[in-house]
Amino acid sequence: MNNSTVCLANATVCYGASCVVPEDDVNTTLSVVLSTVLTILLSLVMFSMGCNVEIKKFLGHIKRPWGICVGFLCQFGIMPLTGFVLSVTFDILPIQAVVVLLMGCCPGGTASNVLAYWADGDMDLSISMTTCSTLLALGMMPLCLLIYTKMWADSGIIIIPYDKIGISLVALVVPVSIGMFVNHRWPHKAKIILKVGSITGALLIVLIAVVGGVLYQSAWIIEPKLWAIGTLFPLAGYSLGFFLARIAGQSWHRCRTVALETGMQNTQLCSTIIQLSFTTEELNLMFTFPLIYSIFQLIMAAIFLALYVVYKKYYRKNNMELPEGKGNEPVPESSFQKVNEGFQPDEKHTPVDQKEKF
């Protein structure tokens, strides 16, 4: 039998009807292309986020940092700890626990700023928290990973590529600073860039899902445990962020802001970091979790927002039916609020907002 009629032209070993061909490197090429495209698109998103920051207002929050401090505690205290507890409770693989922790250490995304606006939150605080958490992630993300993955890393089960994660963070945080400068010098152009960045962020999520589905097909065989964590994690972030802000004495609209900033993570950043930092075999176990988290954080945020809108309309309707009297008089500022400017009542809000329970 003539082997040339049976085997492929590029076969390296040919015996009868059996032949061995070189490994197809299409996926390798696509992976490199995906990493490059993700980095470019996410850099544009981060750059546009910086264009949303007004330096004067940002410095104002730095001078009165109580709200930002509460947000910092939520972002890099509550979320990584919650991710660790969920990982241990559901007994997932160590490499999967790493991506859960990475998600917990990620800063807030630009979507939280939009939702804070719809929820009558403190927009200046929301933008300042997003910016600060993005800049602080450069040091806090590796530190949190070092603390919470120690039990697995010490036993040699996993190896955390801190160098690659650090390089990825630097490459993606720098555009935020450049965006802040552009907004300071050319505010009108910054608004255009912000709109482009918002659209790019949405396209980025779709691109990650589609191309990731082609490259890491086995990653879509998802364990129920990851679905459960993806559901509970954002819920815990929203709830704990809200209650911690309230315990810290923040006003209701600031509590809503902190809650959204805590639960609404930058999933595009998480996806890009794992794509740039881990091997293909590891990505097959990690890649889908940021997408799962993204889905449920948006669903829950939409539910909370809908409940708030319904409550606000219902409460105002009932309040208009009440006669004016003592019950509708504004609550005076306490002496503690006057001493600590971090504890401020809602500005430009009616007495109705001071009685909000959401």
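FYI, side chains are in, hydrogens and waters are out, and symmetry mates aren't considered; it's all heavy atoms of this structure.
Of all the heavy atoms in Pro80 and Gly104, the pair that sits closest is CD-O, 3.8 Å. Heavy-atom minimum distance, Met300 versus Thr231: CE-O, 2.9 Å. When all heavy atoms of Gly241 and Thr262 are compared, the closest pair comes out as CA-OG1, 3.8 Å. Taking all atoms of both residues into account, the shortest heavy-atom contact from Leu115 to Leu305 is CD2-CD2, 4.2 Å. Here the closest non-hydrogen pair linking Gly77 and Tyr148 is O-OH, 4.3 Å. A pairwise comparison of heavy atoms in Val176 and Thr134 identifies CG2-CG2, 3.8 Å as the closest pair.
Put simply, the side chain of Thr130 does not reach to within 4.5 Å of the side chain of Pro107, judged on heavy atoms. Between Phe76 and Ser133 there is a side-chain heavy-atom pair separated by less than 4.5 Å. No side-chain heavy atom of Leu283 sits less than 4.5 Å from a side-chain heavy atom of Thr279. Using a 4.5 Å heavy-atom cutoff, the side chains of Ile95 and Val99 are not in contact. Side-chain contact between Leu285 and Leu93 is present, with at least one heavy-atom pair separated by less than 4.5 Å. Tyr238 is listed as a side-chain neighbour of Gln297, based on a closest heavy-atom distance under 4.5 Å. Proximity of Phe72 to Cys132: side-chain heavy atoms (C-beta onward) are nowhere separated by under 4.5 Å. Between Tyr293 and Val100, the closest side-chain pair of non-hydrogen atoms is not below 4.5 Å.
The line from CG of Leu235 to CG of Leu240 is 8.5 Å long, rounded to the nearest 0.5 Å. Separation of atoms CG (Leu169) and CD1 (Ile273) is listed at 4.0 Å; rounding is to 0.5 Å. Taking SG of Cys106 as the reference point, atom CE of Met264 lies at 13.5 Å (rounded to 0.5 Å). Rounded to the nearest 0.5 angstrom, Leu136 CG and Cys105 SG are separated by 12.5 Å. The structure places OG1 of Thr267 at 10.0 Å from CD1 of Ile295, a figure rounded to the nearest 0.5 Å. With values rounded to the nearest 0.5 angstrom, Met140 atom CE is found 13.5 Å from Leu135 atom CG.
Arg254 places no side-chain N or O within 3.5 Å of a backbone atom of Val258 that could act as its donor or acceptor partner. The closest donor-acceptor contact from the side chain of Ser112 to the backbone of Gly108 lies at 3.5 Å or more, if one exists at all.
Hydrophobic clustering places Val88 together with Leu81 (ILVMFWY residues linked when any side-chain heavy atoms are closer than 4.5 Å, directly or through intermediates). Ile167 and Ile160 sit in two unconnected hydrophobic clusters of ILVMFWY residues. Membership requires side-chain heavy atoms under 4.5 Å apart, directly or through other members. Following chains of ILVMFWY side-chain contacts shorter than 4.5 Å, one can reach Val85 starting from Ile92, so the two form part of one hydrophobic cluster. Clustering ILVMFWY residues whenever any of their side-chain heavy atoms sit less than 4.5 angstrom apart, transitively, puts Leu276 in a cluster other than the one holding Met103. Leu138 and Ile147 fall within a single hydrophobic cluster, where Ile, Leu, Val, Met, Phe, Trp and Tyr are joined by side-chain heavy atoms under 4.5 Å apart, directly or via other members.
For the residue pair Ser126/Glu261, the side-chain donor-acceptor check at 3.5 Å is satisfied. Of the N and O atoms on the side chains of Ser87 and Gln96, not one donor lies less than 3.5 Å from an acceptor on the other residue. A donor-acceptor contact closer than 3.5 angstrom is absent between the side chains of Thr272 and Gln275.
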Evaluate Lys225 against Asp91 for side chain to side chain contact (heavy atoms under 4.5 Å, CB included), listing each step before the verdict. CA-CA 8 Å; Lys225 293 178 182 180; Asp91 192 27; 4.3 Å; yes
Audit row: Phe233, Phe289, side chain to side chain contact (heavy atoms under 4.5 Å, CB included) steps and yes/no: CA-CA 11 Å; Phe233 204 179; Phe289 183 76; 4.2 Å; yes
When you look at Val70 and Met129, which way does the side chain to side chain contact (heavy atoms under 4.5 Å, CB included) test go after all the steps? CA-CA 10 Å; Val70 173; Met129 282 180 61; over 6 Å; no
Take Tyr308 and Phe304, measure what ring pair (Phe, Tyr, Trp, His ring centres under 6.0 Å) needs, and give me the verdict at the end. CA-CA 6 Å; Tyr308 170 70; Phe304 293 152; over 10 Å; no
Pair Ile274-Val98, side chain to side chain contact (heavy atoms under 4.5 Å, CB included): steps then yes or no: CA-CA 10 Å; Ile274 64 172; Val98 170; over 6 Å; no
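Classified by interplanar angle (parallel below 30°, tilted 30° to 60°, perpendicular above 60°), the ring pair Trp186/Phe181 is perpendicular. Between Trp227 and Phe296, the two ring planes are perpendicular [angle over 60°; tilted spans 30° to 60°].
The local environment of OH in Tyr117 is sparse, with at most 12 non-hydrogen atoms from other residues, nucleotides or ligands closer than 6.0 Å. Heavy atoms of other residues, nucleotides or ligands lying less than 6.0 angstrom from CD1 of Ile159 number 12 at most. Within 6.0 Å of atom CZ in Phe90, more than 12 heavy atoms from other residues, nucleotides or ligands are found, so the atom counts as buried in its surroundings.
Comment: Asp122 does not engage Arg256 in a salt bridge, judged by the lack of any side-chain N to carboxylate O separation of less than 4.0 angstrom.
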